[in-house]
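Right, one structure below, let's go through it.
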Amino acid sequence: MDQHDLDVLDEIQRRVLWLATRIVDAANHDRGAGDGVKVGGHQASSASLVTAMTALWFAHLDAEDRVAVKPHASPVFHAIQYLLGNLDRSYLPRLRARGGLQSYPSRTKDPDEVDFSTGSVGLGAAAPLFAAVTRRYVDAHFGARPHSRFVALIGDAELDEGNIWEAVADPATTGLGNVMWVVDFNRQSLDRVVPGVRIDQWRGQFEAAGWHVVEVKYGRRLAEAYDRPGGTALRDWIDAMPNEQYQSLFGLTGPALRKQFLDGAPEGIAALIADVSDADLGPLVTDLGGHDLAALLDAYAQCDAVTDRPSVVFAYTVKGWGLPIAGNPRNHSALLTGEQVDALRAAQGLTRDTEWDRLDPASPAGIRAGQRREALSRAPRERALGVTVPQATNVRANKPISTQEVFGRVLVDLARDPQVGRYLVTTAPDVATSTNLAGFINKTGVFAPTAQRSWSEDRMLRWTESPEGQHIELGISEMNLFLLLGQLGLAWDLSGQPLLPVGTVYDPFVLRGLDAFLYGTYSGARFVVAGTPSGVTLAPEGGAHQSTITASVGLELPGVTFVEPAYAASLDWLLCDAFGHIAGADRATPTAVPTEDGAYYFRLSTRPVDQAPFEAARARLGDAVLHQAYPHLADAPTVQLAASGAVLPEVLAAAAELADEGVAAHVVDVTSLDRLYRAWQRTLRQGVRTATVPSVPGALRSAFADRVPVVTVHDAASHAMAWLGSAVAAPAVPLGVDEFGQSGSVHDLYDLHDLLPGSIVNAALAALSLR
Ligand SMILES: Cc1ncc(C[n+]2csc(CCOP(=O)(O)OP(=O)(O)O)c2C)c(N)n1
Ligand SMILES: [Mg+2]
C-alpha cells in the first residue's frame, strides 16, 4: 500500500471518527427522550478503534471474513457500514432508540449485518474462536468452504474476563490459524487508567496457549525518532514511564506537556527533544501503533502468514484518539460538549447541512468505499437443513428407565437415520459419558482435526478421534459449552452449513454457563441442550450437584423452549420435534428473533421411572391424541395434580390414595411448563392490549379444569409452577425444593422436601380447603 492509499485511508478514518462521535452525540442531544434516563454511548472507546477498524474494512477484510466488534465501538461499526452504503442514513441519529441502532452490535436487532452480537464483555471476543472451531468441523465433514478469517476486536480490560482464558486454553480451540484477535490496548478500562502495563503477562499467557503474538506499539513518527542518534534512550524512557503518567500527556500541550513528559526522565532526554517544537512534541510522543494504518496493516498481514495457530495483535491505542477527551481517566462515558462537536465538524470541513453525508463518490475516498462495498458483499445463506426429521425414533422401554438414558438412545437412533444422522454434532464439557452420550460417541467417534491413535481398548467406550468424529469434546468449561453451541447453532450463517447441535451439561452447571447460553439465544442460535441429571433426584450423588432454580431459568430465558418430560415416549417425541424445528425454515427472515423455539433445553434425570402409566394412557387415548397436545379431561375432577419430570411416580401414587378416599384427582404430566406459560401469557397479553376479556388458551383448557384447586409438584423450586393456580383461577399449593444441598436417597430427599405421596395428598386437601 503506497502513501497515496494510506492518505485515502486516513481521510476515511477521519470521517469514521466524526460519524461515530456524532452518532453518539445525536443520540444524547438531538433526541428529546424526556424521561430523565441518560442515553449514553462511548465516544472515547469508539475513537480508540477507529484506525484498526478502518484498516480492516477499507483495506483488509474479504467478504467471507467474520468480525466481532467490541460492544462500545458499535458506533464505529455503523459509521463504516453507512460509508460502505450498507446502512440507511435515517438510522444515524437513532442510536439506542427503539427500532434504531442497538447500544451494542446485535445480530438479531440491528438493521445492518452484524456477524457476532457483543455486549457482555468477553463473550463476543470468544465467539469468533468458536465460530472457527465450527468452521473446522464443517470443512472436515461437508467439504471446505471458501476461506474465512474470524476476527475479534477486543477491549484490553476485556482480557480480565475469565471466559476469555477458558476459551484460549481449551484444547478444542488450538491450531486455528484463521483466527485473529485485535486487542484495543488503550490501557484504560471503565473506571480507571490501568496501573502498570501487563503486556508481558498477556503475551506469556497467549504464547503458553500456543498463540502467535504481535505488538503494534509505536507509529512511524516515533519509530523514526528512535532511529536517530540517542533514540534508544528516548525509547527506553517511554517504555519505562508509568502508564498513568503517559496517559496524562494526552490532555496537555506546549510547555506543560514537555514538563510532564520529562518528569522523572533520566539525564539527556530533555536534550534529545530540545529541537522538537512544542507543537510537534504531543503528536510525536503519543504516536502509537494502533493509530498507524501502515503498521496495523502490516500486523494483520503477519497474522495471515501464520496459519497453524491463532494470532493476537496488541494494538497500542489512545482512548479518545483525535478527541479532546483523549487519555482522560474519566473518559469512558464522557461526551463531547456542543462546542467540541462543532469544532470537530468544522475541522472535517463539514457543516450542519453536510455533516451526515457519505464520502463524495467521485473522490478517491468515495471510490475506495464503492470498491470495498463490492468486495465485501456476500451471497445469502440458507438457514434450513432441508431434511425430514422423523416424528419419533420409537425408542423401546419395557422396564423402568430414566430420561437421561432415553436421551442417549434417541441420539443413537437418530445417528443411524440416513437423512438426519450426518448433521448431528454433540459437545460436552468433560461430561459426555456421565450424561449418556457414550452410545452416540461409540457410533460416530470424536472429532479431531487429524486422526489420533488410540492407546486403550475399551469395549464400553470406543473413543476414536478423527476428522469424521461427530462429538466435540471440551474441557470443563460450561462457558465454552454454550459458546460453542451458540456458534454451532449459527453454522448455517457463519459457515454455510446448517447443523443439528446437541450439548450436555450437569443441570446445576447450566448456571455457570448462563450468560453464554443467553448470548447464544440472543444471537439467534438454535440447538438442543440437555441439563442432566437435575433436581435432587440424583440423590446420594447430589448435595452440591443439586439444581433447583434451573426450571425457572429455562422457563424465563427468551428464545429457549424448556421441556421436562417424565416418560420415554414423550421425550422421544419432544426431541424429534425440537430437531424438526431446528432443521426447518420456520423463520420469516433469517435473523428474526425466534420467539417459539430458538434453543431447546431438556431438563432430565437419572431416576428410572416405570413406564406403565404412560403405556396405559397410550392404550386409552392413542398416540395421535397424546402426541398432539395435552389430552382432554375425561371427567370432572375435585382436585388436580400438575407435575413435571421425575416426581410423576409420587404424584400418581398420591392420586391413587386420594381416589381411595373418594377424592377424584386429575394428574397432568406437564412436559413443557414453558409452552403452557407462553400460551397463557399470549392470551393474557392479547386481552391487555385490546382491552378485552382474555380467553383461556387451548393447551390449558384441554389439560386443566377451570376453577378446580391445583397442587403443583416439581423436583425444582416450588415457585416455577406456582403460577398455574392463577392460570386456572383456583387455589394452588406449590410443592418443590426450596433448600439446597442435602445428600440422601431419593426417598429421604422427597421426604425432606414434602414430595412423597402422603405430603401430596395433604397438599391436595389443603388446596381444597382454600377454595
Ligand atoms: C460482563 C460485563 N461486565 C461489565 C461490563 C461493563 N463495561 C462495559 S465496558 C467496560 C470496560 C471495558 O474496558 P476495555 O475493555 O478496556 O474497553 P475500552 O473502553 O477501554 O476500549 C465495562 C466494565 C460489561 N459490558 N460486561
Ligand atoms: Mg481499554
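In this chain, numbering begins with 1 at the start of the sequence shown.
Taking CD of E564 as the reference point, atom OG1 of T671 lies at 10.0 Å (rounded to 0.5 Å). Once rounded to the nearest 0.5 Å, the distance linking CD of E465 with CZ of F447 reads 10.5 Å. Atom OG1 of residue T426 and atom CG of residue L488 lie 9.5 Å apart, to the nearest 0.5 angstrom. In this structure, L749 CG and Q742 CD are separated by 6.5 Å, a value rounded to the nearest 0.5 Å. The line from CG of L484 to CZ of F130 is 6.5 Å long, rounded to the nearest 0.5 Å. Here the CZ-OG1 distance, from R422 to T444, works out to 14.0 Å after rounding to the nearest 0.5 Å.
The two residues A384 and E382 come nearest to each other via the heavy atoms N-OE2, 3.1 Å. The two residues S605 and T403 have their closest heavy-atom pair at N-OG1, 2.9 Å. The heavy-atom pair separating D610 from A612 by the smallest distance is OD1-N, 3.1 Å. Here the closest non-hydrogen pair linking S759 and L735 is O-CD1, 4.3 Å. Nearest heavy-atom pair, L485 versus P501, reported as atom, atom and distance to 0.1 Å: CD2-CB, 4.2 Å. Heavy-atom minimum distance, L414 versus C576: CD2-SG, 4.5 Å.
Counting only heavy atoms from C-beta outward, the side chains of V710 and V668 never approach each other to under 4.5 Å. P558 has its side chain within reach of L518: a pair of non-hydrogen atoms, C-beta onward, lies under 4.5 Å apart. Residues P613 and Y567 are in side-chain contact: their nearest non-hydrogen atoms beyond the backbone lie under 4.5 Å apart. You'll find the side chain of Y519 stays beyond 4.5 Å of the side chain of S120, heavy atoms only. At a threshold of 4.5 Å between non-hydrogen side-chain atoms, the residues V708 and V728 do not count as touching. In this structure the side chain of L555 reaches within 4.5 angstrom of the side chain of D674, judged on heavy atoms. You'll find the side chain of V670 stays beyond 4.5 Å of the side chain of Y677, heavy atoms only.
Relative orientation of the H545 and F509 rings is perpendicular, given thresholds of 30° and 60° on the angle between their planes. Relative ring orientation between Y601 and F562 is described as perpendicular, the plane-to-plane angle rising above 60° on a 0-90° scale split at 30° and 60°. The aromatic rings of Y423 and F142 lie parallel to each other, their planes meeting at an angle below 30°, with 60° marking the opposite boundary.
The environment of R618 atom CZ is dense: over 12 non-hydrogen atoms of other residues, nucleotides or ligands sit within 6.0 angstrom. Enclosure of atom CG in L461 by more than 12 non-hydrogen atoms of other residues, nucleotides or ligands within 6.0 angstrom is indicated. At most 12 non-hydrogen atoms from other residues, nucleotides or ligands lie less than 6.0 angstrom from CD of Q391. Residue E739 places its CD atom among 12 or fewer non-hydrogen atoms of other residues, nucleotides or ligands, all under 6.0 Å distant.
Proximity of a side-chain donor or acceptor of Q546 to a complementary backbone N or O of G741 within less than 3.5 Å is detected. Judged by distance alone, the side chain of H666 and the main-chain N or O of A703 form a donor-acceptor pair under 3.5 Å. Under the 3.5 Å distance criterion, the side-chain polar atoms of E478 are left unmatched by any main-chain donor or acceptor of L511. When atom types are taken as modelled, the side chain of S117 and the backbone of R107 share a donor-acceptor pair closer than 3.5 angstrom. Side-chain atoms of T504 do not come within 3.5 Å of backbone N or O of A428 as any donor-acceptor pair. Distance alone, capped at 3.5 Å, is enough to place a donor-acceptor pair between the Q611 side chain and the V609 backbone. Not a single donor-acceptor pair under 3.5 Å links the side chain of E473 to the backbone N or O of A448. Side chain of S454 to backbone of T464: no donor-acceptor contact under 3.5 angstrom is found. Between the side chain of H141 and the backbone N or O of E468 there is at least one donor-acceptor pair closer than 3.5 Å. With E650 contributing its side chain and L755 its backbone, the two residues share no donor-acceptor pair below 3.5 Å.
Under the 3.5 Å distance criterion, with hydrogens and angles disregarded, no donor-acceptor pair is assigned to the side chains of S672 and R678. Side-chain contact of Y506 with S434: a donor-acceptor pair under 3.5 Å is present, judged by distance alone. T532 and Q404 share a side-chain donor-acceptor pair at under 3.5 Å.
Partners of H753 by ring pair (Phe, Tyr, Trp, His ring centres under 6.0 Å), not counting sequence neighbours: none found.
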Run the numbers on V387 and D417 for side chain to side chain contact (heavy atoms under 4.5 Å, CB included), then give the verdict. CA-CA 11 Å; V387 298; D417 185 286; over 6 Å; no
For the pair D748 and D751, evaluate side chain to side chain contact (heavy atoms under 4.5 Å, CB included) and give the outcome as yes or no after the intermediate values. CA-CA 5 Å; D748 288 343; D751 183 30; 5.6 Å; no
Worked check of side chain to side chain contact (heavy atoms under 4.5 Å, CB included) between L575 and F407: CA-CA 8 Å; L575 256 180; F407 171 79; 3.7 Å; yes
So F704 and L676, side chain to side chain contact (heavy atoms under 4.5 Å, CB included) or not? Walk me through it. CA-CA 11 Å; F704 293 92; L676 272 188; 4.0 Å; yes
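Salt bridge absent: R383 and D493 never bring a charged side-chain N and a carboxylate O closer than 4.0 Å. Between D413 and R409 there is no salt bridge, since no side-chain N of the basic residue sits under 4.0 Å from a carboxylate O of the acidic one.
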